[in-house]
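Each residue takes its place number in the sequence, starting with 1.
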Amino acid sequence: VVRNTAAVIVGLIVAFGVIMGVQMIGHTIWTPPADLNWNDAEAARTYVSQLPFLALMFPIISYFLGALSGPLIASSIGTARPLTLSGVIGTVLLAATIANLIQIPHPHWFSALAIAAVLIGAWLATQLANRKRGSVQAED
């Protein structure tokens with residue numbers, strides 16, 4: 001239990017670290033105005049609506065890579081089934097993504113892609129971890 005809990009915690013740290021890192025790259029390319037008040041929904045909506053498509057893809061890619069990397073790391077540490085580890089980490093990431101989508105208004109297509117990116121990343125992590133575990137067991 002302790003090992004699996006540690007695996008989930010490390011997986012979440014990795015996932016959020018990857019998400020933040022990729023988004024920081026995007027923010028260095030498309031720097032938001034210093035006076036932008038993210039708590040002002042209309043100002044945030046206006047800013048986001050003016051961003052080019054590629055700028056909006058950085059968060060989508062970050063969600064996918066975070067949902068992929070976190071569970072893969074957790075699966076390499078923990079002893080629980082990859083589906084369990086991916087499920088826990090994916091659920092936390094999905095909740096954080098939805099909270100972000102509610103807090104900062106985004107286009108509907110972005111919201112759909114963001115949620116899909118988390119789900120697909122966590123699913124793919126489960127598939128890859130299952131394959132790796134299967135090949136390790138076959139070698140034993």
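Neither Leu83 nor Leu94 shares a network with the other; the hydrophobic side chains, linked directly or stepwise wherever heavy atoms of I, L, V, M, F, W or Y lie under 4.5 Å apart, form separate groups for each. Connection of Leu101 to Leu36 is established within a shared hydrophobic cluster, with ILVMFWY side chains joined at heavy-atom distances below 4.5 Å, either directly or through further cluster members. The hydrophobic clustering, which links ILVMFWY residues whose side-chain heavy atoms are closer than 4.5 Å, places Trp30 and Ile104 together. Linking Ile, Leu, Val, Met, Phe, Trp and Tyr whenever their side-chain heavy atoms come within less than 4.5 Å leaves Ile19 and Ile9 in two separate clusters. No continuous path of ILVMFWY side-chain contacts below 4.5 Å connects Ile77 to Val1, so the two sit in separate hydrophobic clusters.
Thr46 places a side-chain heavy atom less than 4.5 Å from the side chain of Glu42. A heavy-atom distance below 4.5 Å is found between the side chains of Asn100 and His106. With contacts defined as side-chain heavy-atom distances shorter than 4.5 Å, the pair Tyr63/Ile61 does not qualify. Residues Val22 and Leu65 have side chains in contact (heavy-atom distance under 4.5 Å, counting atoms from C-beta outward). No side-chain heavy atom of Phe64 sits less than 4.5 Å from a side-chain heavy atom of Val118. Between Val8 and Asn4, every side-chain heavy-atom pair lies at or beyond the 4.5 Å cut-off. A heavy-atom distance below 4.5 Å is found between the side chains of Leu93 and Phe16.
Counting all heavy atoms, side chain and backbone alike, Leu72 lies closest to Ala129 at CD2-N, 4.0 Å. Pairing each heavy atom of Val14 with each of Ser69, the nearest pair is CG1-OG, 3.8 Å. For the residue pair Ala15 and Gly66, the shortest heavy atom distance occurs at CB-O, 3.2 Å. Here the closest heavy-atom approach between residue Gly11 and residue Ala74 is recorded as CA-CB, 4.3 Å. The nearest pair of heavy atoms linking Thr97 to Ala114 is CG2-CB, 3.9 Å.
Residue Ile73 holds its CD1 atom at 9.5 Å from CD1 of Ile89, rounded to the nearest 0.5 Å. In this structure, Asn39 CG and Gln103 CD are separated by 6.5 Å, a value rounded to the nearest 0.5 Å. How far CZ of Phe110 is from CG of Leu51: 9.5 Å, rounded to the nearest 0.5 Å. Here Leu128 contributes atom CG and Arg131 contributes atom CZ; the two are 6.5 Å apart, rounded to the nearest 0.5 Å. Here OH of Tyr47 is found 5.5 Å from CH2 of Trp38. Values are rounded to the nearest 0.5 Å. Note that NE2 of His27 and CE of Met20 are 10.5 Å apart. Values are rounded to the nearest 0.5 Å.
For the side chain to side chain donor-acceptor pair (under 3.5 Å) test with Ser86, the passing option among Asn130, Thr91, Thr126 is Thr126; the others fail.
The aromatic ring centres of Phe53 and Trp109 sit less than 6.0 Å apart.
Listed for the Ser62 side chain is a donor-acceptor partner under 3.5 Å among the backbone atoms of Pro59.
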